[in-house]
Amino acid sequence: MNSELQQEQKRVDIVMGTIKENISRLEEETANRRNEVVQIRKHFWDEVKVNTDTFDDYLETIIGLRQEAQALSVNQSTYRHASKRLSTLRRMQEIPYFGRIDFIEEGTSNQKQIYIGISSLSDPSGEDFLIYDWRAPVSSVYYDYQPGPAMYPTPEGTIRGKLEKKWQYLIRGGVLQSLFDTSLTIGDEILQQVLGKGTDKHMHNIVATIQQEQNRIIRHDRGKLLIVHGAAGSGKTSAALQRIAYLLYKYRENLNAEQIILFSPNSMFNSYVSNVLPELGEENMQQVTFQEYLDHRLSKEFQVENPYEQLEYVLTAVNTPSYRSRVVSIRFKATTRFFEAIKSYWESLELSGMVFKGISFRGKTIITSKQLAEKFYSSDTSLHFHSRLEKLKDWLLKQIDEAEKLERTKPWVQEEIELLSNEDYHKAYTYLAEKRGFKRESIHDYEIEPKALASLIVRQKLKPLRKKIKAFRFVNIKEIYKQFYTDPIKINLWMDLQAPEDWPDICLLTVKMLDEGKLFYEDATPFLLMKELILGFQTNTSIKHIVVDEAQDYSPFQFEFLKRLFPAAKMTVLGDFNQAIFAHAREMVDFHSLTSLYGPDETEVINMARSYRSTKPIIEFTRRLVPNGERIIPFERSGEQPELKQLNNREELHSCIVSKVADLRSQGLNSIAIICKTAEESICAYEALSSSIDEVKLLKSSSIEYEQGVVIVPSYLSKGIEFDAVIIYDASENVYGDESLRRAFYTACTRAMHYLQLYSVGEPSPFLRNVLREGFIQA
C-alpha cells in the first residue's frame with residue numbers, strides 16, 4: 001500500500017505543478033488585462049476623434065466609439081473569466097481532487113482513469129484531462145454506481161461500460177493523506193471525517209461526499225417541478241446548492257446566476273449558505289425571503305406583519321379572545337380554495353364592485369369615484385378587464401388635459417409666476433425658448449409669452465397627478481379587498497364549499513387591520529394576488545429557475561402565486577413536513593399535493609430518508625418524536641446519548657446552563673445554541689444568562705448574519721442551520737405541552753450535530769414520555 005501511496009503522491013505532485021503553472025500564467029494575464037482595462041477607460045476619448053460636421057464624420061465618430069466600447073467590453077469579460085478561473089485554481093491548490101474511477105467503455109479494452117475534483121484541469125498540452133469537473137457527465141458514475149456495469153448520459157447519447165474500481169482521496173495542501181478503494185457509493189471513512197468536524201459560520205460544498213440520492217437531485221433535469229422531501233439533516237439544502245452549480249455548468253451558454261432565485265427562510269440563512277457556490281467557482285444566485293418580496297411590493301401601502309410575528313402570536317397568544325378566529329383565518333387563507341375564491345371575486349368585478357379614488361387638484365374634485373365607476377361599467381364589456389382599465393385611464397388623462405386648460409387663467413397661476421426664483425424663471429425661459437426653436441447662441445432674442453409660461457406652470461403642477469393616473473393609482477385596491485370581507489354571506493358566491501363557521505369573525509378581524517393600515521401575514525399574498533389580477537401580473541420571465549427552501553413554511557396559496565409570478569421558471573422545492581411549524585401547515589397535507597401546480601407529468605418527488613447531520617444516538621432519539629419517524633435512517637456515527645435534566649426552578653436552570661456551556665466550550669465545540677420556543681422566551685433567557693456567559697448572542701428575526709459561538713435563538717429561527725451542540729432551554733410540559741408544538745420541538749432538537757442537552761423546569765413534555773421509557777435519552 002505504501003508504494004501505491006507513493007505512486008499516487010507523484011501524480012498529485014504533477015497535478016500541483018500544473019496548477020501552479022496555470023496560476024502563475026493567469027496571475028500575469030489578469031494583471032495585464034486589468035492594466036488594459038484601466039488604460040482603455042483612461043484614454044477612451046483620446047482614441048476617438050469626435051467630429052459631427054458632416055454625416056460621414058458623424059458616422060465615423062459613432063463607429064470609433066463602438067469599436068472602443070467593444071474593445072473595453074472584451075477586455076473586461078476576459079478579465080472576469082480569468083479572475084474566476086484563478087480563484088478556482090487557488091482553491092484546487094488545497095484539494096486538487098477527491099475521487100477516481102477506473103472505467104472501461106463498452107466496445108473498447110482500454111481502462112481509463114478519471115480523477116474527479118471541483119473543476120476540470122488539462123495537462124500542459126491541453127489534450128488530456130488530469131482532473132474532471134464533478135459535474136461532467138462521466139463523473140456521475142462516481143456517485144451512482146458500485147463496481148460493475150455502469151452508464152452515464154451525454155448530449156450524444158448514453159455511454160455504457162464497466163466500472164472497475166472506485167477510489168477516494170484525502171488530499172490537503174498537495175499532500176496525499178490517505179486513499180481508499182471502495183465498492184460503496186461513497187466510503188464511510190471520508191464521510192465520517194467530514195461529519196465529525198465542527199461547524200463554522202458558513203455551509204460548505206459537499207462534492208467529495210455526495211450520496212447517490214443527493215446526486216439524483218443535483219442532476220435531475222426533467223419536468224417543471226422537483227419536490228425534495230427529506231428528513232432533518234439529510235442534506236436537502238446542500239444538494240440543492242450543488243444542483244444550482246450543476247445547472248450553471250451544464251447550461252453555461254444559456255443560464256447565469258442572475259437567472260436563479262433562492263427563496264430562503266430568513267436573512268441569517270442567506271449568510272449561512274453564501275459560501276457554497278463561490279467554493280465551487282460559481283457566482284451566487286439571487287437570494288431573497290418571501291417576506292422581502294412582500295415588503296418590496298406592499299410596504300408603501302401597509303405595515304405588513306412578517307411570518308415570525310404571526311408565528312410568535314400563534315405560540316404566545318393562546319388565551320386572547322380572538323385567538324381561535326385568527327388561527328382559523330391563517331389556515332383558511334393558506335388554501336387553494338381561498339385562492340380560487342379570490343379569483344372568482346375578481347371575475348365578479350367585471351360586472352360590478354370596482355372601487356375608485358376620486359381625482360382632485362388643489363382641493364377641488366375633478367372627477368368623483370362614482371363617475372369613474374359609471375364610466376368603467378358603461379364601457380364595452382366585451383373588452384378584456386385590463387383593456388377596460390386602460391381605456392378608463394386614457395379617458396381620465398383627457399379629463400386632466402381639459403382641466404389644465406381651465407386652470408391656466410386662474411389667479412393662483414399668476415401668483416406662482418410672481419413667486420418664481422431667478423433660477424426657476426431662467427430654466428422656464430430656456431425651456432420655452434428651445435421649444436420655439438431658438439438656438440443656444442440666439443436664445444436671448446426670445447420674448448417669453450405669458451400664456452406659455454402659465455401653461456408650463458400648470459402642466460408641472462399636474463405632473464404628479466398624471467403620473468399617479470398612468471400607474472393606475474386611481475384604482476382603490478385596498479377598498480376592493482376590504483369589500484371582500486364587508487358582507488360575510490357573499491363569500492358563498494365565490495366558493496363551491498362552505499366557508500369556515502368563524503368567517504364573520506375573520507371578516508371583522510381583517511377589516512379592523514385594513515382600517516389601521518396594517519396587513520396580516522396571511523392576507524399579504526391574497527391582497528397582492530388581487531392587485532395583480534386587477535392591474536395585470538408583474539411577471540418576471542427572465543428568471544429560469546427558482547429554489548424554495550423550507551417549503552413546508554409556504555402555503556399552497558403562496559405556491560400558486562409564485563408559479564404565476566415566474567411563468568418561465570422551473571422550480572426545485574425542498575422541505576421536511578416534520579418541521580412544518582406554521583399554523584397553516586396542516587393545509588399542506590404533504591408535498592405530493594403540490595403536484596397539482598404543474599401536473600404529475602411535469603413533477604418528480606424524491607424522498608431522502610437518511611440523516612447525516614447528527615450522531616446516531618441523537619437521530620435515534622429525534623426520530624421517535626414524530627409520526628412515521630421510523631422511516632428516518634440514521635448514519636452510523638457514534639456519539640453521546642441526549643440527556644434530560646429535570647429542575648425545580650429557573651434559578652437552577654440558568655445555573656445548569658452556564659455550567660454546561662463552560663463544559664462544552666472546554667471540549668472545543670465551536671457553535672452552541674440555546675434554543676427557546678419563542679422570541680419572548682429567548683429574550684428572557686438572554687437577560688438571565690448574558691451576564692454569566694461571555695459573548696453570548698441573541699438571534700432575532702432581523703439578524704442579518706449567522707453568528708458563531710454561543711447563541712440564544714427561537715426554535716423557528718434555527719431551521720436550516722446546524723450547531724455542534726444544542727441546549728433545549730426548557731423542554732417542560734408547561735412550555736411544550738400542546739400537541740401542536742410537536743414539530744417545533746422536533747425541529748429544535750434536530751439542529752444538534754454532536755451533543756444534545758435538554759432541561760425541564762418541572763414535568764417534562766409529553767413528547768418525551770416514550771423516549772424516556774424506551775431509554776433513548778439519559779435522565
Parallel, tilted or perpendicular: ring planes of Phe98 versus Tyr143, cut at 30 and 60 degrees: tilted

Whether Asp724 side chain and Leu669 backbone form a donor-acceptor pair below 3.5 Å: no

Exam field: side chain Ser655 to backbone Glu651, donor-acceptor pair closer than 3.5 Å: no

Ser234 side chain vs Arg610 backbone, donor-acceptor pair below 3.5 Å: no

Spatial distance of atom OG (Ser329) from atom CG (Asp502) [nearest 0.5 Å]: 9.5 Å

Salt bridge Glu774-Arg769, side-chain N to carboxylate O under 4.0 Å: no

Tyr746 and Arg742: side chain donor to acceptor below 3.5 Å: no

Any donor-acceptor pair under 3.5 Å from Arg751 side chain to Ile721 backbone: yes

Centroid-centroid distance, Phe338 to Phe332, less than 6.0 Å: yes

Electrostatic pair Arg91-Glu94, nearest N-O below 4.0 angstrom: no

Steps toward salt bridge (charged side-chain N to carboxylate O under 4.0 Å, His left out) verdict (Glu305, Arg326): CA-CA 13 Å; Glu305 180 187 50; Arg326 176 77 200 280; 2.7 Å; yes

4.5 Å side-chain heavy-atom contact, Thr747 and Tyr716: no

Distance-only polar pair, side chains of Lys660 and Tyr755, donor-acceptor under 3.5 Å: yes

Distance-only donor-acceptor check, side chains Lys677 and Thr316, under 3.5 Å: no

Residue pair Asp549 / Ser264, side-chain donor-acceptor N/O under 3.5 Å: no

Contact summary for Pro627 and Asn578, nearest pair of heavy atoms: O-OD1, 4.0 Å

Near-ring test Phe302/Phe527, centroid separation under 6.0 angstrom: yes

Spacing of CG belonging to Leu519 relative to CD belonging to Gln303, to within rounding of 0.5 Å: 10.5 Å

Atom pair CD1 (Ile632) and CD (Glu620), whose distance is rounded to the nearest 0.5 Å: 10.5 Å

Salt bridge Arg623-Glu630, side-chain N to carboxylate O under 4.0 Å: no

Distance, nearest 0.5 Å, that separates OG of Ser765 from CG of Leu625: 8.5 Å

Flag for Gln552-Glu550: side-chain donor and acceptor within less than 3.5 Å: yes

pair Ile260-Ile543: side-chain heavy atoms closer than 4.5 Å: no

Candidate pair Tyr313 and Thr678, rule side chain to side chain contact (heavy atoms under 4.5 Å, CB included), full reasoning: CA-CA 10 Å; Tyr313 171 86; Thr678 64; over 6 Å; no

Geometric class of the Phe263/Tyr554 ring pair [parallel <30°, tilted 30-60°, perpendicular >60°]: perpendicular

Exam field: side chain Glu643 to backbone Ile777, donor-acceptor pair closer than 3.5 Å: no

Ion pair Lys236/Asp576, N-O distance below 4.0 Å: no

Expected output: side-chain Ser299 to main-chain His296 donor-acceptor under 3.5 Å: no

Distance flag, aromatic centroids of Tyr759 and Tyr729, threshold under 6.0 Å: no

Over all atoms of both residues, closest heavy-atom pair of Ser638 and Pro617: C-CD, 4.5 Å

Smallest separation among heavy atoms of Asp738 and Phe767, with atom names: O-CZ, 3.2 Å

Charged tip of Arg624 within 45° of Phe776 ring normal and under 6.0 Å: yes

Verdict with reasoning, Glu604 to Ile217, per side chain to side chain contact (heavy atoms under 4.5 Å, CB included): CA-CA 10 Å; Glu604 183 162 346; Ile217 295 163; over 6 Å; no

Flag, side chain of Lys563 to backbone of Leu597, donor-acceptor distance under 3.5 Å: yes

Contact check, side chains of Glu309 and Tyr521, non-hydrogen atoms, under 4.5 Å: no

Donor + acceptor pair across side chains of Glu522, Gln310 (<3.5 Å): yes

Whether over 12 other heavy atoms sit under 6.0 Å from Glu739 CD: yes

Leu664 side, atom CG; Ile727 side, atom CD1 - distance, nearest 0.5 Å: 5.5 Å

Donor on one side chain, acceptor on other, Ser732 and Asp730, under 3.5 Å: yes

Test item: Gln214 and Tyr612 side chains (from C-beta on) under 4.5 Å apart, heavy atoms: yes

Within-4.5 Å side-chain heavy-atom neighbours: Val726 and Cys749: no

Pair His654-Ser692, side chain to side chain donor-acceptor pair (under 3.5 Å): steps then yes or no: CA-CA 9 Å; His654 299 142; Ser692 305; over 6 Å; no

Donor-acceptor pair between Thr615 and His754 side chains, under 3.5 angstrom: no

Presence of salt bridge, Glu722 and Arg613, under 4.0 angstrom: yes

Beyond-backbone contact of Ile606 with Leu226, side-chain heavy atoms, under 4.5 angstrom: yes

Minimal non-hydrogen separation, Leu311 against Ile581, with atom names: CD1-O, 3.5 Å

Gap between atom CG of Leu247 and atom CD1 of Ile218 - 0.5 Å precision: 10.0 Å

Glu292 side chain vs Thr289 backbone, donor-acceptor pair below 3.5 Å: yes

4.5 Å side-chain heavy-atom contact, Thr510 and Asp523: yes

Check against side chain to side chain donor-acceptor pair (under 3.5 Å), Thr525 and Lys333: CA-CA 9 Å; Thr525 314; Lys333 290 176 181 176; over 6 Å; no

Whether Phe339 and Phe557 hold their rings parallel, tilted or perpendicular, with breakpoints at 30° and 60°: perpendicular

Closest non-hydrogen atom pair between Leu248 and Glu283, with its separation: CD1-O, 4.2 Å

Val573 and Val547, any side-chain heavy atoms less than 4.5 Å apart: no

Main-chain N/O of Ser238 paired with Gln242 side-chain donor or acceptor, under 3.5 Å: yes

Carboxylate-amine/guanidinium contact Arg650 Glu687, below 4.0 Å: no

Test applied, side-chain contact (heavy atoms from CB on, under 4.5 Å); reference residue, Ile657; option that passes from Ile674, Ile712, Leu647: Ile674

Exercise: identify the closest heavy-atom pair between Ala748 and Ser715: CB-CB, 4.3 Å

Flag, side chain of Thr750 to backbone of Ala232, donor-acceptor distance under 3.5 Å: no

